[in-house]
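Below is one structure, written out as structure tokens; comments come after it.
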Amino acid sequence: MAVTKRSNMRFCLFTAFTPGGPVGAPWYHPGARDFDYLNLDHQTKLAQALEGAFFDAIFWADFSGVHDTYKNSYATSVREAVQFPLGDPLILAGALAGATENLGLVFSANVIQDHPYSFSRRIATLDHLTRGRVGWNVVTSYQKSAWLNLGFDSVANHAERYGRGQEFLDVVRQLLTESWDDAAVVRDVDRRVYADPELVRPIEHSGERFRVPGIGVTEPSPQRMPVVFVAGSSDDGREFSARNAEAAFITARNPDGAAAWLKDMTGRLSNYGRTRDELLAMQYVSMIVASTEEEAKRKSEELDEYLSSEAALAFTSSTAGVDMSEIELDRPLGDFGNDFAQLGIFKAMAESAKDKTWTFRDVVTRIGSNRFIGTPEQIADEIEKWREAGVDGINLSSLDGVEGTFNFIEHAVPVLQKRGLMQTEYTEGTLRDKLFRR
Ligand SMILES: Cc1cc2nc3c(=O)[nH]c(=O)nc-3n(C[C@H](O)[C@H](O)[C@H](O)COP(=O)(O)O)c2cc1C
């Protein structure tokens, strides 16, 4: 769509439909402990609080299996609830549709758990029920147990994962945007014509992995296609993003790293006839805010005491596809070649400090990186630096539980809004309109 970008930053809460919430957050932290993720009242309260603070969206990470690469076992992930167990965020989005009016509901969904034909029906239904407020974070899944339990022999290599992602996305897009004309639904009671068959057409997709000869099963929804988010940042991931994404989740370590990512992406976008204005860059950040700097530091130190290195190793081993219990963590990343070195997390690190020799230990501790600690004013100063680097939004993670999110809303949001860093009203329309219109 033709876009005019908003001047303030977008804010998205990064979480997951799982006991601890976002990646890296301990479920047993006092701030998380009273949060019962399976209780819809709690989820509603959180979503409504975000909406009251004019957050753009709530975003759920999601996986289809358990992270079991570390020590070749699921034990750590099960014991410590490392993004596990997981509810289905699409169902949660449906449950929150009526409890919210403006908040974007952005779910991750990988391209191996469903067939694109059935998946397109589910997301179009959600787009109808939310009046066009859904976003889809298209993930290709690196998780071994997900691939095995869904009937594959092993995790596909990086290039094949993105190849599959592209075909899956193409099928969904064709079903949702090309199969039905805008005017197809006539609902003419006198003629007893619900929809005009002349204005509905088969997509006739016959690809390497999927065959979908027929027409879509849902009538056109407000957005047709949910807003497409992408989080991959390897070369393959960036190409996929440049071609498809409307918003990208980035994990730069500092504003320089974000600027390098943006420069790289601007070039890639132009190869697809797109401009930088058509892609929102949402930086992952965790925050600890308090009325004094000392208090914020104290809270941050307290959080460190709750973080589990075993949980971080379990998650990172799964992401990297390498059992980190067998690796000397102080070994430089450069010692490894192949598919593994292509991973976006390593690329993002290199871009943030070119001369540094990054090690596996840096990878494992990255989950808690980019932690902004301080008073609301200090937090605003920090966000300002990222805005100057060109970043469009913040993907906020509260490692200290849902209490941390409420704390952010109460203390930081008013200051961010006063400084023009955060919106104070919602734009009319769909999530796409809200994110892109000024
Ligand atoms: C902020 C963020 C959120 C992500 N969320 C998910 C997720 O919910 N599910 C998933 O399977 N992968 C998720 N990923 C992983 C990416 O989609 C991608 O598979 C991973 O970064 C490896 O690809 P890359 O090497 O191209 O970066 C996420 C990555 C980032 C940075």
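Numbers for residues simply follow the sequence, beginning at 1. Everything numeric in this text was worked out from a predicted model, so none of it was measured. Remember, it's 1-based here, ligands and their atoms both numbered in the order they're listed. Side chains included, hydrogens not; waters and symmetry mates left out as well; all remaining heavy atoms used.
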Any non-hydrogen atom of Asp62 lying under 4.0 Å from ligand 1?
yes

Backbone or side-chain N or O of Trp60 under 3.5 Å from ligand 1 N or O
no

Who are the ring-ring contact (aromatic ring centres under 6.0 Å, His included) partners of Tyr272, not counting sequence neighbours?
none

Any salt bridge linking Glu178 with Arg173? Criterion: basic side-chain nitrogen under 4.0 Å from a carboxylate oxygen.
no

Apply the side-chain hydrogen bond (donor to acceptor under 3.5 Å, both in side chains) test between Asp392 and each candidate in Arg387, Gln283, Arg276, Arg10; give the one that qualifies.
Arg276

Could you list the atoms of ligand 1 found under 4.0 angstrom from a heavy atom of Ser108?
7 (C), 8 (O)

Judged on heavy-atom distance to atom 27 (O) of ligand 1, which of Gly237, Ser233, Ala109 sits nearest?
Ser233

Gly232 heavy atoms within 4.0 Å reach ligand 1 at atoms 21 (O), 24 (P), 26 (O), 27 (O)

Does ligand 1 have any atom sitting under 4.0 Å from a heavy atom of Tyr142?
yes

Of all the atoms in ligand 1, which lie at a distance below 4.0 Å from a heavy atom belonging to Asn137?
5 (N)

Pairing of Asp41 and Lys45 as salt bridge, 4.0 angstrom limit
no

Only heavy atoms of Tyr162, strictly under 4.0 Å: list the atoms of ligand 1 that pass.
23 (O), 24 (P), 26 (O)

I'd like to know whether NZ of Lys356 has more than 12 heavy-atom contacts from other residues, nucleotides or ligands below 6.0 angstrom.
yes

For Thr251, atoms of ligand 1 separated by under 4.0 Å from a heavy atom
31 (C)

Counterpart residues, ring-ring contact (aromatic ring centres under 6.0 Å, His included), relative to His411 (two or more places apart)
none

Atoms of ligand 1 close to Phe249 [distance to a heavy atom under 4.0 angstrom, numbered from 1]:
1 (C)

Honestly, for His158 the part within reach of ligand 1 (heavy atoms, under 4.0 Å) is side chain

Are Asp264 and Arg238 ion-paired here, with the side-chain N under 4.0 Å from a carboxylate O?
yes

With heavy atoms of Ala61 as the reference, note each atom of ligand 1 found under 4.0 Å away.
8 (O)

Between Ser234 and ligand 1, is there a nitrogen or oxygen pair with a distance under 3.5 Å?
yes

At the 4.0 Å heavy-atom cut-off, does Asn110 count as touching ligand 1?
no

Please determine if Glu382 and Arg371 form a salt bridge, counting it only when a charged side-chain N lies under 4.0 Å from a carboxylate O.
no

Centroid separation under 6.0 Å, is that true for the rings of Phe315 and Tyr70?
no

